[in-house]
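Have a look at the structure below, then the notes.
Count residues from 1 along the sequence.
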Amino acid sequence: MSIHLLWTSADSLIVAFALAFIVPQRHVLPLILMFGACDALGSALGVTMQVAGGLAAILLIACGASLVVRYPIAQRLLNAPGWFYVLPPLLAIDNLVSPTPDAPAVAALSSAIMAGLGFACGSVVSRGWRAGLRDVRPLAAACLIATGSLLAYGA
């Protein structure tokens, strides 16, 4: 497994950590599988298109920023059912635009493990600090901004 593959799977870890605070438990396993499947598909298709990576980074940073400043659109997104299922295909853009020498199955496994680890860590933090966190949006926003920055740095 290459360092490049771990780098392109790190976004799944960070976003899954953020989602652990706001996603109902029944969506965790489908999201983990979706993170893996989307990254595998992105690795299999693997085209070189630098603009798409920058676009994904901008969208993630904008989503995080809208959560921080509490734009009404961010509140509508959080209340919309299933909005979080848009994130795995969006995060697969880095695998699509930056082809890896590893097999798509390895990319799927790496991304799914990272997402599972992110959900597990987020769940532990959520349980431990839930009483102290009245609003988890700033933490989720910081994670989305960090992921967008990671994509921007890699793009």
Side-chain angles (χ1 to χ4, degrees), residues 1-43 53-71 73-98 100 102 106-155:
M1 185 181 305
S2 68
I3 296 295
H4 176 67
L5 183 61
L6 291 175
W7 178 259
T8 59
S9 297
D11 55 359
S12 299
L13 173 79
I14 299 169
V15 169
F17 180 81
L19 290 176
F21 293 96
I22 51 181
V23 169
Q25 188 67 29
R26 69 180 185 275
H27 294 286
V28 170
L29 183 59
L31 281 167
I32 290 172
L33 295 174
M34 203 167 162
F35 276 113
C38 289
D39 274 5
L41 184 61
S43 291
L55 179 63
I58 290 168
L59 287 174
L60 283 172
I61 292 171
C63 287
S66 67
L67 284 174
V68 169
V69 295
R70 299 180 186 203
Y71 282 135
I73 191 168
Q75 191 60 40
R76 277 187 254 141
L77 276 177
L78 284 175
N79 292 334
W83 66 268
F84 33 83
Y85 285 103
V86 173
L87 294 175
L90 181 65
L91 294 178
I93 289 176
D94 63 342
N95 292 77
L96 181 68
V97 300
S98 181
T100 178
D102 298 302
V106 177
L109 185 61
S110 175
S111 186
I113 288 171
M114 292 287 225
L117 184 61
F119 277 114
C121 291
S123 177
V124 168
V125 170
S126 178
R127 273 191 233 119
W129 291 352
R130 193 55 145 183
L133 292 174
R134 291 200 317 245
D135 187 13
V136 295
R137 282 185 296 184
L139 181 57
C143 290
L144 289 173
I145 291 169
T147 305
S149 301
L150 180 71
L151 282 176
Y153 180 73

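- In this structure L13 satisfies the side chain to side chain contact (heavy atoms under 4.5 Å, CB included) test together with M114, L117, sequence neighbours excluded.
- With rounding to the nearest 0.5 angstrom, the OG atom of S123 is 13.0 Å from the CG atom of L19.
- Heavy-atom minimum distance, A107 versus S43: CB-OG, 3.4 Å.
- Legend: side-chain hydrogen bond (donor to acceptor under 3.5 Å, both in side chains) pairs involving residues 19-32, not counting sequence neighbours, sorted by first then second residue: H27-Y85.
- Formation of a donor-acceptor pair under 3.5 Å by the S110 side chain with backbone atoms of V106 is not found in this model.
- Residues P88 and L31 share a closest heavy-atom pair of CG-CD2, 4.1 Å.
- Here the shortest heavy-atom pairing between S12 and S111 reads OG-OG, 2.8 Å.
- Of all non-hydrogen atoms in P89 and C38, the two that sit nearest each other are N-SG, 3.7 Å.
- How far CG of L29 is from CZ of F119: 10.0 Å, rounded to the nearest 0.5 Å.
- A37 is linked by a side chain to side chain contact (heavy atoms under 4.5 Å, CB included) to nothing, counting only residues two or more places apart in sequence or in another chain.
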